[in-house]
Amino acid sequence: MTQTLSVAITGASGRMGQTLIGLVNASDKMTLTGAIERTGHAWVGQDVGEMMGGGALGVTVTDDAAAALADADAVIDFTAPQATIAFAALAAQAGIVHVIGTTGMTEDEIAALAPHGEKATIIRAGNMSLGVNLLTQLTKRVAAALDTDYDIEIIEAHHNQKVDAPSGTALMLGEAAAEGRGVKLADVSDRGRDGITGARKSGDIGFTAIRGGDIIGEHDVMFAAAGERIILRHVASDRSVFARGALKAALWGHGRAAGQYDMLDVLGLSD
């Protein structure tokens, strides 16, 4: 019998956590061995399957992340920046794959992952879906082909519970557009327009964030010039597209050399 990958899921009670648990449980390549929640959470000490409203899965939700990771080959983490940094240290200590889908991380928080990437395999991406990563590559190529006569605007929409803006995916697309143009996103990013802002600055990359209802994720990259617009678009209608990408990343990362990777590496799309 082929040995399955032992997987721990952080933020087990969250939307993504439950989606991941369901997919791992249904997989013939993975086994759920850990479900992690913060200390004091109502799910701690309970069977995760029962807390999700189904049958028992034989995995008790724990707040002892170190113990859960010690029994795993990989941990999949869609939580919050500071929690992710703490999980990175534990994953490095355990020598397991750390798949990070957490968004809203600052440059300093991302830099804090670097020492852990020297000891373990870290796969981090602003978005785990195949379609979005293809969109990222297309954005880079189109930006490289068009000059600053084409204004770049990134419009993203998500549900009303999302806490960060612009989304990690929008920033990933912005980075791709900036790279295509040979500039740094920090130098050309335009994220706030309110009141009398003056004319749009040539070469800027603009961001607009929409929040409402239960929108899972929509991203448009618009290249607008006099007389024409080119719009690249990705719409996620099911949260499982991100979860499936994360599972693919965990399988790809198992046995990989320590270091920091992204979904373009996983999908073989890196330049």
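All values derive from a computational prediction rather than experimental measurement. Any value given below was found using the heavy atoms of this structure, including those in side chains, with hydrogens, waters and symmetry copies removed. We number each residue from 1, following the sequence as shown.
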Let me confirm one number: the CG-NE2 distance from Leu90 to His98, rounded to the nearest 0.5 Å.
9.0 Å
What ring pair (Phe, Tyr, Trp, His ring centres under 6.0 Å) pairs are there with at least one residue in residues 139-165, not counting sequence neighbours?
His158-His219
Heavy atoms of Ala120 and Ala91 approach each other most closely as CB-O, 4.1 Å
Which heavy atom of Ile110 sits nearest a heavy atom of Met105, and at what distance?
CG1-CB, 3.8 Å
How many angstroms lie between atom NE2 of His254 and atom CD1 of Ile96, to the nearest 0.5 angstrom?
10.5 Å
What is the minimum heavy-atom distance between Leu247 and Met30, and which atoms define it?
O-CE, 3.1 Å
Quick one: does Arg181's side chain get under 4.5 Å of Ile152's, heavy atoms only?
yes
Whether over 12 other heavy atoms sit under 6.0 Å from Arg200 CZ:
yes
Between Asn127 and Ser129, is there a donor-acceptor pair closer than 3.5 Å when you use the side chain of the first and the backbone of the second?
yes
Start with the C-alpha distance between Ile100 and Phe87, add both sets of side-chain angles, then the distance that settles side chain to side chain contact (heavy atoms under 4.5 Å, CB included), and finish with yes or no.
CA-CA 10 Å; Ile100 300 173; Phe87 289 133; over 6 Å; no
Evaluate the side-chain proximity of His41 to Val61: yes if any heavy-atom separation is below 4.5 Å, no if none is.
no
Flag the pair Thr31 / Leu5 as yes when at least one side-chain heavy-atom distance between them is below 4.5 Å, and no otherwise.
no
So does Glu153 pair up with Arg193, basic N to acidic O under 4.0 Å?
yes
Side chain to side chain donor-acceptor pair (under 3.5 Å) evaluation trace for Asp164 with Thr103:
CA-CA 7 Å; Asp164 57 305; Thr103 61; 3.1 Å; yes
Using side-chain heavy atoms (C-beta onward) and a distance below 4.5 Å, is Ile76 in contact with Met16?
no
If two hydrophobic side chains count as joined below 4.5 Å and joins carry through other members, does Leu269 share a cluster with Met128?
yes
When clusters are formed by joining ILVMFWY residues with side-chain heavy atoms under 4.5 Å apart, either directly or through shared neighbours, do Ile36 and Val99 land in the same one?
no
Inspect the contact between Arg211 and Glu156 and indicate whether a charged nitrogen and a carboxylate oxygen are less than 4.0 angstrom apart.
yes
What's the spacing between Leu232 CG and Ile154 CD1 if we round to 0.5 Å?
10.0 Å
Checking side chain to side chain contact (heavy atoms under 4.5 Å, CB included) for the pair Ile230/Leu146: CA distance, chi angles, key distance, verdict?
CA-CA 11 Å; Ile230 302 166; Leu146 302 176; 3.9 Å; yes
Can Leu130 be reached from Val132 by stepping across I, L, V, M, F, W or Y side chains whose heavy atoms are under 4.5 Å apart?
no
Begin with the C-alpha distance, continue with both residues' side-chain angles, and end with the deciding distance and a verdict on side chain to side chain donor-acceptor pair (under 3.5 Å) for Ser6 and Thr33.
CA-CA 6 Å; Ser6 299; Thr33 57; 4.7 Å; no
Are Lys201 and Asp190 ion-paired here, with the side-chain N under 4.0 Å from a carboxylate O?
no
Please lay out, stage by stage, how Asp238 and Ser240 fare under the test side chain to side chain donor-acceptor pair (under 3.5 Å).
CA-CA 5 Å; Asp238 187 335; Ser240 67; 3.0 Å; yes
Provide the closest heavy-atom pair for Thr169 versus Gly126 in the form atom of the first, atom of the second, distance.
OG1-O, 3.3 Å
Under 3.5 Å, side chain of Thr139 to main-chain N/O of Leu135, donor-acceptor pair present?
yes
Spell out, yes or no, whether Val241 and Ile215 are grouped together once hydrophobic residues are joined by side-chain heavy atoms under 4.5 Å, including indirect joins.
no
Verdict with supporting geometry, Leu57 and Asp47, side chain to side chain contact (heavy atoms under 4.5 Å, CB included):
CA-CA 7 Å; Leu57 295 180; Asp47 184 281; 4.2 Å; yes
Can you get from Leu185 to Val221 by hopping between Ile, Leu, Val, Met, Phe, Trp and Tyr side chains that sit under 4.5 Å apart?
yes
Heavy-atom pair with the smallest gap, counting every atom of Met51 and Ala42
CE-O, 4.4 Å
Would a distance-only check, ignoring hydrogens and angles, find a side-chain to backbone donor-acceptor pair under 3.5 Å from Glu37 to Asp63?
no
Other residues, nucleotides, ligands: >12 heavy atoms within 6.0 Å of Lys162 NZ
yes
So which heavy atom on Trp252 is nearest to which on Val266, and how close?
CE3-CG2, 3.6 Å
If you count heavy atoms of other groups shown closer than 6.0 angstrom to CG of Asn160, is the number above 12?
yes
Can you tell me how far CG of Asp262 sits from CG of Asn133, rounded to the nearest 0.5 angstrom?
7.5 Å
What is the distance from atom CD1 of Ile216 to atom CZ of Arg239, rounded to the nearest 0.5 Å?
5.0 Å
In this structure, NE2 of His116 is separated from OG1 of Thr121 (nearest 0.5 Å) by 14.5 Å
With the side chain counted from C-beta on, respond yes when Ile123 and Asp265 share a heavy-atom pair under 4.5 Å apart, and no when they do not.
no
Could you check if a side-chain atom of Trp43 sits within less than 4.5 angstrom of a side-chain atom of Met52, using non-hydrogen atoms only?
yes
Does a side-chain heavy-atom distance below 4.5 Å link Val97 with Asp73?
no
So, Thr62 versus Asp64: side-chain donor-acceptor pair below 3.5 Å or not?
no
Validation row: Gln93, Leu69 side chains within 4.5 angstrom (heavy atoms):
no
